[in-house]
Protein chains: 2
Amino acid sequence: MDDNKVFKALADPTRRSLLDSLCDANGQTLGQLCTAMDMTRQSVTQHLALLEGANLISTTRRGREKLHFINPVPLHDVYERWVRKFETARLGLLHDLKEQLERNDE
Amino acid sequence: MDDNKVFKALADPTRRSLLDSLCDANGQTLGQLCTAMDMTRQSVTQHLALLEGANLISTTRRGREKLHFINPVPLHDVYERWVRKFETARLGLLHDLKEQLERNDE
DNA sequence: TTGACATGCAGTCAAATACCTGCATATTTA
DNA sequence: TAAATATGCAGGTATTTGACTGCATGTCAA
């Protein structure tokens, strides 16, 4: 998995909104996703391509339609491999900060 | 908290690297953070400003030095309010995908 | 088969981004 | 106080990004 692609894909509110929409109703077509997205179909397509590149969605065709499915695995991986690291260090870091601020007051 | 600022701040590998560095050694000065970052001090400053704007780090001054401390709270909030939603839906969505692909094969 | 529908692809363009240089300010120390 | 050190601030610029238009391709249905 490419961490950077996932983070970049999540950086845009439009793309997060698309993921939200798919979370509500998985397997939507491009056209369906467009109706909620105040922009042209072509722009939405570009965003979806980025999400697909980050493996956050996968697609399949049914006739002339393209169906979009959310893939939560990269999100989970990012959390496990990156976010959690900072979670666990939480208390210690806050303690460090407190100590540092007090030293600063001397 | 501003979700968008957090996501945008995390989108850049340099900034994630800075957070990593602070996770290893919290409370580093700007100069210390720069030594590991193959770029000018001014560029690092800009990245740090973005991280601070997203509340991912907080700073304090000690004399002429500026100390940087990581703040894991926004990361935790983003996880709780955004990522977890997709986590919990995981099995159902994969099931949907399987079903959809099978329907496509008919 | 032809018209309507769903999507794909190429190119344009303005705004945002991420670097940089140059200079200013504040603090420590000899 | 003067020099060295640490950081702040103001632009400049090349690249990336995110939107658009226009046209092409593929599929369904009458």
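The chains referred to below are lettered A, B, ... by the order of the sequence lines, with proteins before strands, and numbering in each begins at 1.
Per the geometry, CG belonging to B:N4 stands 14 Å off C1' belonging to D:dT17, to the nearest Å. With rounding to whole Å, A:D38 atom CG is found 13 Å from D:dC20 atom C1'. B:R15 places its CZ atom 12 Å from the C1' atom of C:dC19, with the value rounded to the nearest Å. Between B:L50 atom CG and C:dC19 atom P there is a gap of 11 Å when expressed in whole angstrom units. Protein atom CG of B:L30 is 16 Å distant from nucleotide atom P of D:dT5, rounded to whole Å. Atom CE in A:M37 sits roughly 15 Å away from atom P in D:dG18 (whole-Å rounding). Computed from coordinates, the A:R16 CZ to D:dG18 C1' distance equals 15 Å when rounded to whole Å. Rounded to whole angstrom, the span from the CG atom of B:L18 across to the P atom of C:dA18 amounts to 12 Å.
Between the side chain of B:R41 and the base of D:dG8 there is at least one donor-acceptor pair of N/O atoms closer than 3.5 Å. The base of D:dT5 sits with one of its N or O atoms less than 3.5 Å from a complementary donor or acceptor on the side chain of B:R64. A donor-acceptor contact under 3.5 Å is formed by the side chain of A:Q42 with the base of D:dG22.
B:F7 and A:V78 fall within a single hydrophobic cluster, where Ile, Leu, Val, Met, Phe, Trp and Tyr side chains are chained together by heavy-atom contacts under 4.5 Å.
When distances run from any side-chain atom of A:T40 to the nucleotides D:dG18, D:dT7, D:dC20, the shortest one goes to D:dC20. In the set D:dC20, D:dT7, D:dG11, the nucleotide with an atom closest to the side chain of B:E65 is D:dT7. Closest contact between the side chain of A:S43 and the listed nucleotides D:dT17, D:dC20, C:dC19 involves D:dC20.
Toward the 5′ end of DNA chain D lies the nearest nucleotide of B:T29, the other residue of the pair B:T29 and A:V44 mapping further downstream. Between A:H68 and A:Q46, the one whose closest nucleotide on DNA chain C sits nearer the 5' end is A:H68.
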- Item | side chain to side chain contact (heavy atoms under 4.5 Å, CB included) assessment of A:T45 paired with A:T40 | CA-CA 9 Å; A:T45 300; A:T40 64; over 6 Å; no
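Applying the 4.0 Å criterion to OP1 and OP2 of D:dA6, one finds that B:K66 has every side-chain N and O outside that range. The phosphate of C:dG8 (OP1 or OP2) has a side-chain N or O of A:R61 nearer than 4.0 angstrom. For C:dA16, neither phosphate oxygen OP1 nor OP2 lies less than 4.0 angstrom from any side-chain nitrogen or oxygen of B:K8. Distances shorter than 4.0 Å separate none of the side-chain N or O atoms of A:H47 from OP1 or OP2 on D:dT17.
Crowding of A:D24 atom CG: a count of heavy atoms from other residues, nucleotides or ligands under 6.0 Å exceeding 12.
Separation of atoms CD1 (B:I70) and CG (B:L75) is listed at 7.0 Å; rounding is to 0.5 Å.
For the pair A:L19/A:I57, a side-chain contact is recorded, criterion being any heavy-atom separation below 4.5 Å from C-beta on.
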